[in-house]
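What you see is a predicted model, and the numbers here were worked out from it, not measured in a lab.
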Amino acid sequence: MWGITLFLRTTNVMNNDFFSFILGIMPNFAAVFGMFGVFIVYYELLFKRKFEKKNFIFMAIVALVCFLISEVIHEVFLNSKFDILDIIASAIAIIIFYFLLN
C-alpha cells in the first residue's frame, strides 16, 4: 500500500482533491491493518490463547495514543503540521478492522 501511495503521489492524480485526500489517509489505514494483523497473529502464537474483544479494545486505545504522539512529534520536531484527519482516519481504520475481525 505504501508503494502504491508513493507512486501515485508523483503522478497527476494529486491534482484531484479527492484522490489527494485518499492518498493522504491511505498510510494510516495501512499502518492500522498491518500493525493489528501482525499483533493478533503473534498474540495467539505467543500466549497460546484466542484473541479476545478486551484485547482488541486495549490495543485500539494504545494505537490511537501512539498515532496521537506521532502527530505531535511530527509537528514539534519535524516541522510538519498536526493533522487531525490522520487521527480520524486511523480511528475509522480501527473500526473497520474490528468489524472485519468479527
Participant: So Phe99 and Ile95, do their side chains get closer than 4.5 Å, heavy atoms only?
Facilitator: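 Yes, at least one pair of side-chain atoms sits under 4.5 Å.
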Participant: When rounded to the nearest 0.5 angstrom, what distance separates CG in Leu68 from CD1 in Ile84?
Facilitator: 7.5 Å
Participant: How far does CD1 of Ile88 sit from CG of Asp83, to the nearest 0.5 angstrom?
Facilitator: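 Between Ile88 CD1 and Asp83 CG, I get 8.5 Å after rounding to 0.5 Å.
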Participant: Using distance only, find each side-chain donor-acceptor pair of residues 31-50 under 3.5 Å and give its atom names and separation, not counting sequence neighbours.
Facilitator:
from	atom 1	to	atom 2	distance (Å)
Tyr43	OH	Arg49	NE	3.0
Tyr43	OH	Arg49	NH2	3.0
Tyr43	OH	Asn55	ND2	3.3
Glu44	OE2	Phe51	N	3.1
Lys48	NZ	Leu45	O	3.0

Participant: Are Leu101 and Leu64 connected, step by step, through hydrophobic side chains (Ile, Leu, Val, Met, Phe, Trp, Tyr) whose heavy atoms are closer than 4.5 Å?
Facilitator: yes
Participant: Hey, is the main chain of Cys66 close enough, under 3.5 Å, to the side chain of Ser70 for a donor-acceptor pair?
Facilitator: no
Participant: Does one hydrophobic cluster hold both Val72 and Phe67, with members joined at side-chain heavy-atom distances below 4.5 Å?
Facilitator: yes
Participant: So which atom in Ala93 and which in Phe29 form the shortest heavy-atom distance, rounded to 0.1 Å?
Facilitator: CB-CD2, 3.5 Å
Participant: Taking the side chain from Glu71 and the backbone from Phe82, do they hold a donor-acceptor pair closer than 3.5 Å?
Facilitator: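 Here the side-chain-to-backbone pair does not exist.
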Participant: Measure the CD1-CG distance between Ile92 and Leu85 for me, rounded to the nearest 0.5 Å.
Facilitator: 9.0 Å
